[in-house]
Each structure stands twice: as structure tokens, then as C-alpha cells.
Amino acid sequence: MTKIHVSPGLSTRENHTVSEPTESLESSRSEKLGKIEELGLDPWGQRFDDHQAIAAIRALPDDKPDGQRPRVKAAGRIMQRRGQGKTVFIDIWDWTGRVQVNMGQRQVGEQGWALTQLLDLGDLIGVEGAFGKTRMGEPTIFVEKLTFLGKSLLPHPDKWSGMQDIEFRLRHRYLDLIYNEDVLKRARNRVKIIRRMRSYLEEKGFWEVDTPTLQAVAAGAAARPFTTHHNALDIDLYLRIALELPLKRLLVGGLEKVYEIGRVFRNEGISNKHNPEFTMLELYQAYANYETMMDLTEGLIVECVKDLGGDMVLPFGDKTIEFTPPWKRQRYGDLFKEHVGVSIDAVDGITKAAQTICFPTQGKHPDVVVHHLFEEKVEEHLIGPVFVHDYPASLCPLTKRKRGEPNIAERFELYIHGMELANAYTELNDPVTQEATFRQQLAGLPEEESMAKMDEDFVRALRHGMPPAGGLGMGVDRLIMLLTNTQSIRDVILFPLLRPQ
RNA sequence: GGAGGCGUAGCUCAGCGGUAGAGCAACGGACUUUUAAUCCGUAGGUCCUGGGUUCGAAUCCCAGCGCCUUCACCA
């Protein structure tokens, strides 16, 4: 991509090399790279041991008199440069912070000073020297030894305006991390949240397992899968759409508490709440039920919130979310009555309510109408966190029924800020019902149309006896959105899917 | 997939029918405590792509591509 022009009107200046006027920005940096080599230095750097985090250096006392100043060693990227004749001030940045360093001609030696002249914004350097303050009061590393650690051949974004263009940021996330502070902070918080999830589940006695991403049948959820192909076996395979069925097989195998935090792939639309690949937490606990899952879910998220800083009230957009436990637990039917104004089994009232929002009811199962009304009228009020539980059974055919209430399924969804964040059941462990329901769902649908897939092997596993169990699925990306006040899923996923350019 | 918006220098943006502009970055020069350093000088463009209208298009029109917003779809 480098443009190299040979212009006929070469410079008339003498005694030193002048860069070509038409030369690209990149090749002037390439020239400097050559000059760094001529100094006998490695323009791509070498191992640089025992450097300190910039934040740690900045925490050191900076008010000692010359001679008693702490010795420090740092590595980082050049963010700004202010020349002042025979001294130069450079801001270097690492993932903990930013600090000013000073190179004086006398202090860094002949080679160091020659190197200083070749430094560009974006280059990586290592510095060693004393840490103190300048006359202007700025904490500064006064460099005595300068080490070159890596050349940036391409110019970096504007030091002041940074990167604004969203597309540019997404396609150059590595620069976004450097130049937009929030991006690194959010990535950091994502790491913290997932780390705390793992440690919490470890404390509770769960095993983390890995189950296949490539599957012969993409089952466990109603979603369109991605297709791929295995050459040696000459078979089509699917990328998983859920973690559920392999994990439940492990329940059959005697693993009483298992979970997986893993990527699932759904070949569907993209929006600020949907990425084609996203991270799910699914966990299953033998001899438990959906109430066990409520306690566990609440504990898990509360611990994550604590770990982010301890404040139980977090901002989200123009609202705040109060995470202090215990969270509300409300029956689906009660919420429906409260916000729609009619009872969940009052068919006439429901039809009338549906008409007020112009939702056609003809030929529809009453519970389908009920759920549409729920989404329209109730969800927006669920700022929560709130566990909505005891769903109409027809909405969740693969869930165990409540004892003595055959029309109610033991399921909850956790709502926070109107968003469905987690979904949990008392798992159906009856293979006969499971298979019948599968078949009923598939009835009359051509293979391609149906998004719910029959997994014969899974039903066989159930026939060997799966313990009664509670199961939970949670959208990890969405949880991170809520806990980090992020409106778009693309900003909690480092590399969201973009159309190739 | 529908509707709307955006796409101009490496980055951030202005220009919206009459020679392509600014700040930062870059290049040459001055300056040993600056901090968005300053000062003097220089260079930098497929105005997203392709058509059309016009004497003349970055600008107006059409199509395409990409991104954003929103709706639809989505356990």
C-alpha cells in the first residue's frame, strides 16, 4: 500500500536527507525504522524484564529531592510528544495509565538522543530513570536509559480528538482500546465479571466443562444455526445454538453441578442487542429446581456487582438499577393482571385487551395472545431486577409442570431494565413427555422450517434416568451491558461481526 | 428485510452547483522543564463506488457498497 514516488523535482537542499514531499506518511516511518537499525538497535524490540506498571509508578512519591528519587522502569506507547530544543517530553501509556517522560540530550547519551529524534507517536519504548516532578509540577520519569521496543509504521489517530467514527472504531478495535478510555475499562470489567462468575460457581461446587461447538444436530433452543462441513467425514455439521443438551447428558452421567460459559452461534438478525455469536452461561444442578436457580442467579449477579466496586446501585442510561438483594419474585399471572388489568384466564377480557393494541387474536392460542400482551404491556415496567416466575405451561412445553397446577410451568425469567437476562427451569426429566413434546413441536413442519430440532440421542440419554434438576441460561454479554452501562452489545464484545469490506 | 441518517487528507471535521479547506498528525528549521508547547516554512485528496443531469458535480438525481438509528425477525 505504500506509495513510493520518485519526483523529478527532488529537493535542492544539501548536506542532509530530506524526505520526498509526495512521500506517504508510512514510508517516512519506514525510513526511521532503517535509521534505528543503523544505530545498531532492534526496531522491533526484545524482552524487557521487570518493568513496572505506570499506575504503580505514579503511586510512588514524586516529591523527593534529586538524588533520592525512586528508580523506575516502564514500557509503553508514545501518545504525545512536546519538543523543547535539547530536551523532549513524551507521554507514554500502558494499560494502567499514562505518565510523562523526559529525555534530555545530556541525560540519555549520544545514541539515546539520536534515537529520541526518530521517535514517532505510536512507537513503543522502554525507559529507566528517576521519578520526580518537573518545575511545572508534572510527575515525570527523567530518562537515563532509553530502549526501543517497537515501531509503528502507520500513523495513529489524532491525539486530541481520538477516534469518533463508530465503524472505524469497530474495525480497528486495537486502536479503540488505546484511544478511548472507556473501551479498555469495559473490557476490564468484562474480564472481572466473568472471572467472578467462575469463582462463584467454583465456591458453590460446580464443575466447569467444555462441550462441543460442532454438532450434528443443533438443538436446545429455537434458533437458526450456522452450517459448516467436515471434509474427512464428508458430513455437514452445525455450530451450536445452545449448551443445554450436552450439559444435561452430564447430569445423567452423575455430574451433579455443571456449567459452561461458552460461545453459541445463531444465524439471525443483528442489532444492538444481538450478535451472531454471543456468550452464554448455562448451568445445571441435580436434585434442585427453579427456586434453587433463583437463589443462585441472585447470588451470582450480586457477587459480580460487588466485585465491580461495591456500589449496589448502578447507572444504566438515564436510569439506575438497584441490585441490593433480595430481588422481587412475582408470578407471571399476577404481573399480567396488574399491568393488563384482566386475569390471565379471562379469555374475553384478554381478547378485548388485545384489540386495544390492534393485535389480531383470531385462530391464536389464548396463551400466545397473553404473552404478546405481556411483552407489550408488562415488560417495560420490569426495571427490576425481578424474577418473573410460573409461566403458562403452553409457552414452555419443555419445562416441568408445577405439582398440582398442570397449566403452570416451573420457569422464571430474570428481567432487568426490561431486558430478559436469564431464563431458568425446573428441567423436564421425563423422556416420554420430552419426546412427545419434541414431536408435537415438529409436527407438520418441513425440516428446514422448524427451528426446534429433535435430538434422538438426547432422549435416549434421558431414558437412562436424569435426576430432577434446575437449569439456568444467562446471556453473559447482556449482563455485562447492564453492569457496565453499555447500550450496545457491540461495545461489550471486542470483535463484533461486521460485514467484510 | 422496511424506513431514515451518514461516508471529504492518517485522525477529527467544515464546505452542499463555480480552482478541495481547517485543526491535529507528518516533513524541514529554532528552542534543555513542556503538557492540546510555541514560532517560521513544506507537503499531503479515487471528496465511498458506478452511472446520470449540467457549460461545470464533493455538492443535485439514480443504483450499489459499508456503518449508524429504528422497526420487523429472534426462547
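Per chain, numbering begins at 1; letters A, B, ... match sequence-line order.
- In this structure, the nucleotide among B:U34, B:C24, B:C74 sitting nearest to the side chain of A:Asp158 is B:C24.
- When each of B:A26, B:A37, B:C13 is scored by its nearest atom to the side-chain atoms of A:Gln164, the top-ranked nucleotide is B:C13.
- Distance noted for atom C1' between B:U54 and B:C61: 12 Å (whole Å).
- Within the structure, every side-chain polar atom (N or O) of A:Arg82 is placed at least 4.0 Å from both OP1 and OP2 of B:U34.
- Between A:Gln80 and B:A25 there is no side-chain polar atom (N or O) within less than 4.0 angstrom of OP1 or OP2.
- Using modelled atom types, no side-chain atom of A:Asp477 and backbone atom of A:Ile489 make a donor-acceptor pair closer than 3.5 Å.
- Qualifying salt bridge (charged side-chain N to carboxylate O under 4.0 Å, His left out) partners for A:Glu456, counting only residues two or more places apart in sequence or in other chains: A:Arg439.
- When each of B:U34, B:C27, B:A36 is scored by its nearest atom to the side-chain atoms of A:Trp160, the top-ranked nucleotide is B:A36.
- If you check every strand for non-hydrogen atoms under 4.0 Å, A:Tyr425 touches a base.
- Each of A:Thr134 and A:Ser161 has a nearest nucleotide on RNA chain B; the 5'-most of these lies closest to A:Ser161.
- No hydrogens or angles were tested; on distance alone, nothing pairs the side chain of A:Thr87 with the base of B:U33 as donor and acceptor under 3.5 Å.
- Side-chain contact between A:Leu479 and A:Leu421 is present, with heavy atoms from C-beta onward closer than 4.5 Å.
- Under 4.0 Å is where a charged nitrogen must lie from a carboxylate oxygen, and between A:Glu260 and A:Arg240 at least one such pair does.
- Annotation: cation-pi pair A:Arg411/A:Tyr391 present, NZ/CZ under 6.0 Å from the ring centroid and within 45° of its normal.
- To the nearest whole angstrom, the two C1' atoms, one in B:C60 and one in B:C24, are 33 Å apart.
- Taking OH of A:Tyr425 as the start and OH of A:Tyr290 as the end, the distance is 13.5 Å to the nearest 0.5 Å.
- Checked against B:A26, B:U34, B:C31, the side chain of A:Leu121 finds its nearest nucleotide in B:A26.
- Applying the 3.5 Å distance criterion, the base of B:U34 shares no donor-acceptor pair with the side chain of A:Arg135.
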Sort me out a list of protein N/O and nucleotides 66-69 of chain B N/O pairs below 3.5 Å, or just none if empty.
unit_1 : atom_1 : unit_2   : atom_2 : d
B:G66  : OP1    : A:Arg499 : NE     : 3.0
B:G66  : OP1    : A:Arg499 : NH1    : 3.4
B:G66  : O3'    : A:Arg171 : NH2    : 3.1
B:G66  : O2'    : A:Glu167 : OE1    : 3.4
B:G66  : O2'    : A:Glu167 : OE2    : 2.3
B:G66  : O2'    : A:Arg171 : NH2    : 3.3
B:C67  : OP1    : A:Arg499 : N      : 2.8
B:C67  : O4'    : A:Glu167 : OE1    : 2.9
B:C68  : OP1    : A:Arg490 : NE     : 3.0

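- Checking B:A63 for Watson-Crick or G-U wobble geometry (two distances, each under 3.5 Å) identifies B:U49 as its partner.
- The shortest distance between the side-chain N/O atoms of A:Lys159 and the OP1/OP2 oxygens of B:A25 is below 4.0 Å.
- Atom CG of A:Leu154 and atom C1' of B:A9 are 15 Å apart (whole Å).
- Screening residues 123-136 of chain A for side chain to side chain donor-acceptor pair (under 3.5 Å) gives A:Asp123-A:Lys151 as the qualifying pairs, with residues at least two apart or on separate chains.
- The base of B:U34 is paired with the side chain of A:Gln100 by a donor and an acceptor separated by under 3.5 Å.
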